[in-house]
K.L.:
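This is the structure I have questions about; it appears just below.
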Amino acid sequence: MKLVERAVKAFDERTGLITALRQVALHPIPPGTGWSYVFGSAVMIALIIQVVTGTALAMGYVSSAGEAYQALQFITNNAFMGNFLRGMHFFGASAMVLLLGIHMTQVFVMGCYKYPRELNWITGVALLILVVAIGFTGQLLRWDQVAVWAVVVAAEQASRVPILGASVARFILGGDTIGAQTLSRFFALHVFFIPGLIFAFVGIHLLLVLHDGISEPPVLGEKVDPKTYLGRYHKLLAERGVPFWPDAAWRDVVFGFAVVVAIALLALFVGAPRLGEPPNPSLLAQDPAPDWYLLWYYAALALIPHGLTAPFIVLAPLLGILIVLVVPPLWNRGERHPLKRPWAVAATIIVWLMVGTLWLEGIKAPWSPRFEAKPLPVSVVGVASGPVYRGAVLFHDKGCEFCHAVAGYGGARGPDLSTIGDDLTRDEITIRILNGGYNMPAYAAILRPDELSDIVAFLQSRSIKRLSPAQQQAMAAH
Ligand code: HEC
C-alpha cells in the first residue's frame with residue numbers, strides 16, 4: 001500500500017496531473033444544480049461510446065467502393081459482436097444528436113449562455129454542426145442503396161444552388177459522380193477530420209466550463225450585468241458552493257450510466273439499420289431517406305414548392321445557423337429566468353414544433369416511393385386476363401404503383417390515378433409515360449411497345465363511366 005501511495009505521490013510531483021484532477025473534481029459549483037444539468041455530460045458519454053465503437057468498427061471496415069459492402073456484411077454477420085457494435089454506433093450517434101438538442105434547449109431556456117458564457121454557446125453550436133456532419137458522412141459508409149442515394153440527393157440539391165452549387169456538389173461527391181472517391185473522402189472526413197475538430201471544440205468547451213464556472217440556477221428578478229455578475233457569482237461560490245464531486249457529479253454518473261444501458265439495449269434488441277441492397281446507380285426508384293435526425297430537413301426540402309428549393313436549401317440553414325450562433329450572445333445580459341423571457345421560450349417551442357411536424361411528415365414521406373405497395377387485386381382491376389389485366393400487373397412491376405395510387409393502393413408521390421381515364425386522353429397518357437415529368441422518370445427506354453400499350457389500356461380503363469359497380473365499390477371501400 002505504502003508503495004502505491006509513494007508511486008502516486010512521485011508521479012504527481014513530476015506531472016501535477018493528480019492534483020489538477022482533484023482540483024477539477026472538487027471545484028466548487030453553485031448549489032441547487034439539479035437533474036436538468038446532466039445533459040452536457042451525457043453528450044460526452046455518448047461521444048466516448050462513438051469513439052470506442054467507431055474505432056472497433058474501423059478495424060473491420062474497408063473504405064473501398066468495391067469492398068465496403070462485403071466488409072460490412074462480414075462485420076454484421078461474422079465478426080465477433082459486430083452487429084452489436086454497429087447497433088451501439090448507430091444508436092450512440094442518435095443519442096448524441098438527441099442529447100445535444102436537449103442540452104442546447106436547456107441552456108437556452110435557462111439563459112446559461114449569458115455573460116460570461118457566450119463563447120460556450122458558440123463552441124456548442126459549432127459542435128452541433130460537426131455532429132450533424134459526422135452523422136451525415138457516417139451514413140454513406142454503410143454503402144448500400146439507401147445510404148448512397150441519400151448522398152446523391154444531397155449533392156443534387158446542393159448543385160441547384162446558384163453560382164456555388166456545382167462546386168459544392170463536386171466537393172461533396174469528390175468528383176462528378178458518386179463513386180470510389182466519394183467513399184474515400186467521406187471515410188477520411190468521418191474518422192479523421194471531423195473527429196479531430198470535435199475533440200478540439202470539446203476541449204475548448206470544457207476549459208470554458210471550468211474557467212467560467214457552471215451557471216447557477218436562474219433566480220426570478222436577478223439580472224445578469226457584466227459589471228456585477230462575476231462578483232456575485234464568486235460570492236455565491238464562496239458562501240454556499242458545493243464540491244462538483246460528489247454533490248452534483250453523482251447525477252451525471254447515474255444519468256450517463258442510464259444512457260449507456262439504453263444504447264446497449266437498443267443495439268441488442270432493435271439492432272443497427274439493416275443493410276440494404278448494394279448500391280446500384282441504374283435503379284430508378286429509390287428511397288433516399290437519411291437517418292432520422294436529418295429526416296425533417298429532407299421533408300422540408302420535399303414539401304416546399306420546387307421553384308423555391310434552390311435558395312431554400314442553402315440560405316435557410318445558413319440563416320438558421322447564423323441566428324442560433326449570433327443572437328443569443330448578443331442578448332448576453334438581463335433576466336435569465338424563463339418566466340421573464342417569454343419570447344425565448346416561445347421561440348424554443350416553435351422550433352421544436354416545427355422540427356417535430358416536419359419529422360412526422362418525413363416518416364410518412366408522401367414524396368417518397370412506397371416500395372411495399374402490393375399488386376392491385378382483381379376487385380380493383382375488374383378483369384383477370386387481357387391487356388387491362390396485364391397493364392395492371394405491369395403498373396405494379398414497373399414501379400408505377402410505388403408513386404401512384406389506384407383505388408387506395410400505392411404511393412402518393414405522384415398524382416392518384418384512380419380515375420385518370422376521365423382526365424387524360426390515350427395520347428396524353430402515352431406521352432406522360434414516355435417522357436416522365438417533374439419527379440417522374442421517363443419510361444421511353446424502359447418499356448417495350450406492347451408493355452406500354454398494356455399500361456395505357458389499364459389506365460384508360462380507370463374511368464368512372466367504364467368501371468363496373470363492383471370496381472367502384474372496391475374503390476370506395478379502400
Ligand atoms: C418516382 C415516382 C413515379 C414513378 C415511378 C412513376 N410516376 Fe407517374 N408521375 C409521378 C409524378 C411526380 C407525376 C406528376 C408529374 C408532373 O406533374 O410533372 C406523375 C404523373 C403521371 C401521369 C399524369 C397524371 C396527371 O394527372 O397528369 C401519369 C398518367 C403517370 N404519371 C403514369 C405513370 C406510369 C404508367 C408509371 C409507370 C410506368 C409511372 N407514372 C411511374 C411520379 C412517378
K.L.:
Whether the Thr76 and Asn83 side chains hold a donor-acceptor pair (N or O, under 3.5 Å, no angle test) is what I'd like checked.
P.N.:
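On atom types as modelled, these side chains do not qualify, holding no pair under 3.5 Å.
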K.L.:
Tell me which one of His103, Gln106, Arg251 satisfies side-chain contact (heavy atoms from CB on, under 4.5 Å) with Tyr37.
P.N.:
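Checked His103, Gln106, Arg251 against Tyr37; only one passes side-chain contact (heavy atoms from CB on, under 4.5 Å): Gln106.
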K.L.:
Taking atom CD1 of Ile48 and atom CE of Met96, what is their separation to the nearest 0.5 Å?
P.N.:
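Reported value, rounded in 0.5 Å steps: 10.0 Å.
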K.L.:
Does the side chain of Val38 come within less than 4.5 Å of Trp35's, by heavy atoms?
P.N.:
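Yes - at least one pair of side-chain heavy atoms lies under 4.5 Å apart.
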K.L.:
Taking side chain to side chain donor-acceptor pair (under 3.5 Å) as the definition, give me every residue that meets it alongside Thr33, ordered by chain and number, with sequence neighbours left out.
P.N.:
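Thr33: no side chain to side chain donor-acceptor pair (under 3.5 Å) contacts found.
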K.L.:
List the steps and the verdict of side-chain contact (heavy atoms from CB on, under 4.5 Å) for Val406 and Tyr409.
P.N.:
CA-CA 5 Å; Val406 166; Tyr409 294 86; 5.7 Å; no
K.L.:
What's the shortest heavy-atom distance between Pro273 and Arg86, and which atoms?
P.N.:
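Pro273 and Arg86 have their closest heavy atoms at O-NH2, 2.8 Å.
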K.L.:
Locate the shortest heavy-atom distance separating Gly135 from Tyr293; write the atom from each residue and the value.
P.N.:
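Residues Gly135 and Tyr293, closest heavy atoms: CA-OH, 3.1 Å.
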K.L.:
At what distance, to the nearest 0.5 angstrom, does CH2 of Trp143 lie from OG of Ser63?
P.N.:
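Reported value, rounded in 0.5 Å steps: 10.5 Å.
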K.L.:
Is there a side-chain contact (heavy atoms from CB on, under 4.5 Å) between Met88 and Gln50 once you walk through the steps?
P.N.:
CA-CA 8 Å; Met88 287 281 285; Gln50 289 314 85; over 6 Å; no
K.L.:
Mind checking the CG-CD spacing from Leu183 to Glu67? Nearest 0.5 Å is all I need.
P.N.:
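It is 10.5 Å, given to the nearest 0.5 Å.
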K.L.:
Does the Thr182 side chain pair with the main chain of Leu173, one donor and one acceptor, at a distance under 3.5 Å?
P.N.:
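A pair under 3.5 Å: yes.
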K.L.:
Look at the side chain of Asp12 and the backbone N and O of Thr19, then say whether any donor-acceptor pair between them is shorter than 3.5 Å.
P.N.:
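Yes; at least one donor-acceptor contact below 3.5 Å.
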K.L.:
For the residue pair Thr137 and Phe186, what are the closest heavy atoms and their distance?
P.N.:
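Result for this residue pair: CA-CD2, 3.5 Å.
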K.L.:
When you compare the side chain of Leu26 with that of Phe244, does any pair of heavy atoms fall below 4.5 Å?
P.N.:
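Of all side-chain heavy-atom pairs linking Leu26 with Phe244, none is under 4.5 Å.
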K.L.:
With the side chain counted from C-beta on, respond yes when Ile122 and Pro329 share a heavy-atom pair under 4.5 Å apart, and no when they do not.
P.N.:
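Yes - at least one pair of side-chain heavy atoms lies under 4.5 Å apart.
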K.L.:
Check the surroundings of atom CG in Leu3: do more than 12 heavy atoms from other residues, nucleotides or ligands lie under 6.0 Å from it?
P.N.:
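Open: at most 12 neighbouring heavy atoms sit under 6.0 Å from CG of Leu3.
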K.L.:
Where is the tightest heavy-atom contact between Pro217 and Gly32, given as atom of each residue plus distance?
P.N.:
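Closest pair (atom of Pro217, atom of Gly32, distance): CG-O, 3.4 Å.
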K.L.:
The test is side-chain contact (heavy atoms from CB on, under 4.5 Å); show your working for Val253 and Trp245 and say whether it passes.
P.N.:
CA-CA 10 Å; Val253 172; Trp245 177 268; 4.0 Å; yes
K.L.:
Determine, for Glu401 against Lys374, whether the closest basic-nitrogen to carboxylate-oxygen distance falls under 4.0 angstrom.
P.N.:
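A salt bridge is absent here (no side-chain N lies under 4.0 Å from a carboxylate O).
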K.L.:
For residues 325-364, pull every pair meeting ring-ring contact (aromatic ring centres under 6.0 Å, His included), keeping only residues two or more places apart or in separate chains.
P.N.:
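Residue pairs with at least one partner in residues 325-364: there are none.
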K.L.:
Considering only heavy atoms from C-beta outward, does the side chain of Pro226 approach that of Arg333 to under 4.5 Å?
P.N.:
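Yes; the side chains approach each other to less than 4.5 Å.
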K.L.:
Restricting to pairs with a member in residues 111-127, which pass side chain to side chain donor-acceptor pair (under 3.5 Å), not counting sequence neighbours?
P.N.:
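Side chain to side chain donor-acceptor pair (under 3.5 Å) check on residues 111-127 returns Tyr113-Arg341, Arg117-Tyr229, Glu118-Asn332, Thr123-His205.
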K.L.:
If you define the side chain from C-beta out and look only at heavy atoms, does anything of Arg336 sit under 4.5 Å from Lys223?
P.N.:
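No, every pair of side-chain atoms sits at 4.5 Å or beyond.
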K.L.:
Check whether any side-chain heavy atom of Val151 lies under 4.5 Å from a side-chain heavy atom of Phe136, and answer yes or no.
P.N.:
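Yes, side chains in contact.
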K.L.:
Give me the atom names and distance for the closest heavy-atom approach of Pro30 to Leu236.
P.N.:
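So the minimum-distance heavy-atom pair works out to CB-CD2, 3.9 Å.
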K.L.:
Do Leu353 and Ile349 have side chains that approach each other closer than 4.5 Å (heavy atoms only, starting at C-beta)?
P.N.:
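Side chain of Leu353 against side chain of Ile349, heavy atoms only: contact under 4.5 Å found.
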K.L.:
Before you tell me yes or no, could you show the steps for Glu222 and Arg232 under salt bridge (charged side-chain N to carboxylate O under 4.0 Å, His left out), namely the whole-Å CA-CA distance, both residues' side-chain angles and the distance that decides it to 0.1 Å?
P.N.:
CA-CA 11 Å; Glu222 205 168 79; Arg232 200 176 71 213; 3.6 Å; yes
K.L.:
Between Met104 and Val125, is a side-chain contact (heavy atoms from CB on, under 4.5 Å) present by the stated rule, with each step listed?
P.N.:
CA-CA 8 Å; Met104 283 183 81; Val125 174; 3.9 Å; yes
K.L.:
Nearest 0.5 Å, what's the CD-CG distance between Glu216 and Leu237?
P.N.:
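Reported value, rounded in 0.5 Å steps: 8.5 Å.
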K.L.:
Verify, without hydrogens or angle tests, whether Glu335 (side chain) and Leu220 (backbone) share a donor-acceptor contact under 3.5 angstrom.
P.N.:
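No, Glu335 side chain to Leu220 backbone: no donor-acceptor pair under 3.5 Å.
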K.L.:
Quick one: CZ on Phe91 to CD1 on Ile263, what's the gap to the nearest 0.5 Å?
P.N.:
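Reported value, rounded in 0.5 Å steps: 9.5 Å.
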K.L.:
Which heavy-atom pair separates Pro338 from Pro218 by the least distance, and what is that distance?
P.N.:
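Closest approach of Pro338 to Pro218, heavy atoms only: CD-CG, 4.4 Å.
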K.L.:
Less than 4.5 Å apart, side chain to side chain, heavy atoms only: is that true for Ile134 and Pro195?
P.N.:
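Yes - at least one pair of side-chain heavy atoms lies under 4.5 Å apart.
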K.L.:
Hey, can you tell me if Phe187 and Tyr61 have their rings parallel, tilted or perpendicular (30° and 60° cut-offs)?
P.N.:
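Rings of Phe187 and Tyr61: parallel, under 30°.
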K.L.:
Above 12 or not: heavy atoms from other molecules or residues under 6.0 Å from OH of Tyr233?
P.N.:
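Yes, because the 6.0 Å sphere around OH of Tyr233 holds more than 12 heavy atoms from other groups.
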K.L.:
Please check this pair: side chain of His404 against backbone of Asp416, looking for a donor-acceptor N/O pair closer than 3.5 Å.
P.N.:
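Answer holds: no.
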